[in-house]
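Notes for the one structure printed next.
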Amino acid sequence: MTKDILISRRAVIASGIALGVSGFAPLARAAAPLKVAGIHASPVENAWNSCLHKALQDAAKEGVIEYVFSEGVSGTDYPRAMREYAEQGNKLIIGEAYAVEKEARQVATDYPDTGFVLGSSGEQAGDNFGVFGTWNHDGAYLAGMLAGKMTKSNVVGSVGAIPIPEVNMLINAFAAGVKAVNPDAKHLVSFIGTFFDPPKAREAGLAQIDAGADILFGERIGTADAAKERGIKSVGSLIDYTPRYPDTVFANAMWYFRPILDAAIADVAAGKPVGRNYTSYGLMKEGGSDIVFVKGVAPAEAEAAMEAKREEIKAGTFEVPKMMDEPK
């Protein structure tokens with residue numbers, strides 16, 4: 001693949017001018033913004049990638065970093081993209097290693113002066129290969145608490161990508177929230193076998209509705225389309241889908257990448273190794289995730305119980321179970 005093909009037609013290099021509104025002031029005052037590259041296996045419209053992309057764009061607008069990116073990079077080309085961005089002088093590379101764990105780690109050993117911080121189901125390696133998980137399971141649990149009190153059929157469904165530990169944990173957390181308030185509810189689960197295929201997620205959602213589900217948890221984008229089509233409610237994940245589906249998506253398990261990004265940027269700027277696990281910065285108690293919901297859709301008592309549990313999570317007095325096994 002040539003350099004021109006590898007770097008997206010929408011690749012950007014953000015301005016290096018500090019705007020004076022950075023949430024990470026020490027870096028904004030640095031002599032020059034840090035050069036950071038993002039490598040996205042899916043289009044940046046994909047919910048997960050959009051979380052990374054927005055955080056990186058915001059940091060670039062604030063003058064904290066210079067940001068370039070590629071999207072839709074296949075697994076076979078991913079290591080090449082990592083190498084090209086490292087050779088272009090980027091000091092931090094953000095992306096995902098789920099489909100290329102072995103290859104990505106090998107690239108990192110070949111470029112010891114470049115920091116790699118990638119979404120991964122594995123652990124960090126050496127001084128320059130850091131990892132992070134997408135742990136918005138706190139919000140998923142809380143959304144499940146609302147759904148458990150809203151279902152009329154006593155059947156809810158979840159549509160996920162691939163049964164990797166993080167996806168499993170998110171769906172299991174939603175189911176646990178449902179069961180916490182409605183032990184008799186049935187939970188249907190479908191996996192679409194890929195990270196980005198909205199039509200396939202829609203079809204999986206429709207099948208669950210046909211099987212009796214009257215609320216869907218959309219771990220994958222496209223699930224809400226099925227819910228909208230059949231006139232039922234849905235829960236979103238990672239980003240706020242309610243503006244796009246105002247009469248369908250009543251709650252969202254949000255995930256904010258900026259705390260993870262800021263921690264990685266700070267380590268690179270300070271000359272510290274990035275070979276560590278940054279996942280904890282994405283927890284609700286750290287401000288890295290939350291629930292947003294439309295008030296008045298769920299029963300008032302369900303909302304009150306959910307809000308009380310949310311405060312317990314933020315205070316650290318309640319921990320949502322981390323169940324990584326494939327949900328059944």
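Quantities reported herein were computed from a predicted structural model and do not represent experimental measurements.
L92 CG to Y67 OH: the interatomic distance, rounded to the nearest 0.5 Å, is 11.5 Å. Atom CD of Q106 sits about 3.5 Å away from atom OG1 of T109, to the nearest 0.5 Å. Annotation: the span from E307 atom CD to E311 atom CD amounts to 7.0 Å, rounded to 0.5 Å. Rounding to the nearest 0.5 angstrom, the gap separating the CZ atom in R230 from the OG1 atom in T248 is 13.0 Å. In this structure, CD1 in I65 is found 5.5 Å from CG in L261, a value given to the nearest 0.5 Å. Rounded to the nearest 0.5 Å, atoms CG (D138) and CD (E286) are 11.0 Å apart.
Using a 4.5 Å heavy-atom cutoff, the side chains of L206 and E229 are in contact. Residues N252 and I291 are not in side-chain contact: their nearest non-hydrogen atoms beyond the backbone lie 4.5 Å or more apart. Using a 4.5 Å cut-off on side-chain heavy atoms (C-beta onward), M150 and F250 make contact. Taking the side chain as every heavy atom from C-beta outward, W48 and F196 never approach each other to under 4.5 Å. V189 has its side chain out of reach of K328: every pair of non-hydrogen atoms, C-beta onward, lies at least 4.5 Å apart. Residues T242 and V292 are not in side-chain contact: their nearest non-hydrogen atoms beyond the backbone lie 4.5 Å or more apart. Two residues are said to be in side-chain contact when any heavy atoms from C-beta on lie closer than 4.5 Å; V73 and R80 fail this criterion. Counting only heavy atoms from C-beta outward, the side chains of R244 and I221 approach each other to under 4.5 Å.
Side-chain atoms of N90 come within 3.5 Å of backbone N or O of Y85 as a donor-acceptor pair. Side chain of N277 to main chain of T279: a donor-acceptor pair is present (N/O by atom type, distance under 3.5 Å, no hydrogens or angles). Between the E71 side chain and the V44 main chain, a donor and an acceptor come within less than 3.5 Å of each other. With hydrogens and angles ignored, the 3.5 Å screen pairs no side-chain donor or acceptor of S50 with any backbone N or O of E45. Not one N or O on the side chain of K91 forms a donor-acceptor pair closer than 3.5 Å with the backbone of A269.
Looking at D247 and K228, no side-chain N of the basic residue comes within less than 4.0 Å of a carboxylate O on the acidic one, giving no salt bridge. Under a 4.0 Å N-O distance rule, the pair K61/E66 does not qualify as a salt bridge. In this structure, K149 does not pair ionically with E301, as no charged nitrogen and carboxylate oxygen lie closer than 4.0 Å.
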For residues 164-179, run the donor-acceptor check on the side chains, cut-off 3.5 Å, and write out each pair with its distance to 0.1 Å, sequence neighbours left out.
from, atom 1, to, atom 2, distance (Å)
E166, OE1, Y98, OH, 2.7
E166, OE1, T134, N, 3.4
E166, OE2, T134, N, 2.8
N168, ND2, P163, O, 3.2
N168, ND2, I164, O, 3.3
N168, ND2, M324, O, 2.9
N172, ND2, N168, O, 3.1
N172, ND2, M323, O, 2.8
N172, ND2, D325, O, 2.9
K179, NZ, A185, O, 2.4

Under 3.5 Å, side-chain donor or acceptor atoms of residues 112-121 against the rest of the protein: list the pairs with distances, not counting sequence neighbours.
from, atom 1, to, atom 2, distance (Å)
S120, OG, E101, OE1, 3.0
S120, OG, E101, OE2, 2.7
S120, OG, R105, NH2, 3.3
S120, OG, G122, N, 2.8

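Each ring-ring contact (aromatic ring centres under 6.0 Å, His included) pair with one or both residues in residues 303-328, not counting sequence neighbours, appears once here: Y141-F318. Among residues at least two apart or in separate chains, side chain to side chain donor-acceptor pair (under 3.5 Å) pairs with a member in residues 215-227 are D225-Y245. Residues in residues 289-299 take part in these side chain to side chain donor-acceptor pair (under 3.5 Å) pairs, two or more places apart or across chains: D290-R310. Residue pairs that meet the ring-ring contact (aromatic ring centres under 6.0 Å, His included) test with at least one member in residues 286-315, sequence neighbours left out, do not exist here.
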Exercise. Give the intermediate values and the outcome of side chain to side chain contact (heavy atoms under 4.5 Å, CB included) for residues I39 and I94.
Key: CA-CA 6 Å; I39 308 176; I94 300 292; over 6 Å; no
Self-check item: Stepwise side chain to side chain donor-acceptor pair (under 3.5 Å) check, N154 with N182
Solution: CA-CA 8 Å; N154 237 23; N182 186 352; 2.8 Å; yes
Exercise. For K200 and E203, run salt bridge (Lys or Arg N to Asp or Glu O under 4.0 Å): C-alpha distance rounded to whole Å, both residues' side-chain angles, the deciding distance at 0.1 Å, then the answer.
Key: CA-CA 5 Å; K200 197 169 185 179; E203 290 297 327; over 6 Å; no
Practice problem: Decide yes or no on side chain to side chain contact (heavy atoms under 4.5 Å, CB included) for M284 and Y256, but give the supporting numbers first. | Solution: CA-CA 10 Å; M284 182 178 290; Y256 307 111; over 6 Å; no
Quiz item: Is there a side chain to side chain donor-acceptor pair (under 3.5 Å) between E96 and N49 once you walk through the steps?
Solution: CA-CA 9 Å; E96 52 203 281; N49 300 92; 2.9 Å; yes
Quiz prompt | Step-by-step side chain to side chain contact (heavy atoms under 4.5 Å, CB included) determination, F69 to Q57 | solution = CA-CA 10 Å; F69 74 97; Q57 284 184 313; 5.6 Å; no
Exercise. Applying side chain to side chain contact (heavy atoms under 4.5 Å, CB included), run through D58 and R258 and close with a yes or a no.
Key: CA-CA 9 Å; D58 288 347; R258 188 63 186 271; 3.8 Å; yes
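Atom NZ of K322 has more than 12 neighbouring heavy atoms from other residues, nucleotides or ligands inside a 6.0 Å radius.
Shown here are the side-chain hydrogen bond (donor to acceptor under 3.5 Å, both in side chains) partners of S237, two or more places apart in sequence or in another chain: N136. Scored by the side-chain hydrogen bond (donor to acceptor under 3.5 Å, both in side chains) test, E87 finds Y111 as partners (sequence neighbours excluded). Scored by the side-chain hydrogen bond (donor to acceptor under 3.5 Å, both in side chains) test, H187 finds S158 as partners (sequence neighbours excluded). D214 meets the side-chain contact (heavy atoms from CB on, under 4.5 Å) test with T151, K152, S153; sequence neighbours excluded. With sequence neighbours left out, the side-chain contact (heavy atoms from CB on, under 4.5 Å) criterion links Q208 to V159, L188, S190, A213, L216. Residues forming a side-chain hydrogen bond (donor to acceptor under 3.5 Å, both in side chains) with S42 (at least two apart in sequence, or on another chain): none.
Side-chain rings of F132 and F257 approach one another, their centers coming within less than 6.0 Å.
Residue V249 is grouped with residue I239 when hydrophobic side chains (ILVMFWY) are merged at heavy-atom distances under 4.5 angstrom, including chains of intermediate members. Residues V64 and V268 share a hydrophobic cluster, clusters being chains of Ile/Leu/Val/Met/Phe/Trp/Tyr side chains in contact below 4.5 Å. There is no path of hydrophobic side-chain contacts, each under 4.5 Å, that joins V320 to L283.
Side-chain N/O atoms of Y78 and H40 include no donor and acceptor closer than 3.5 Å.
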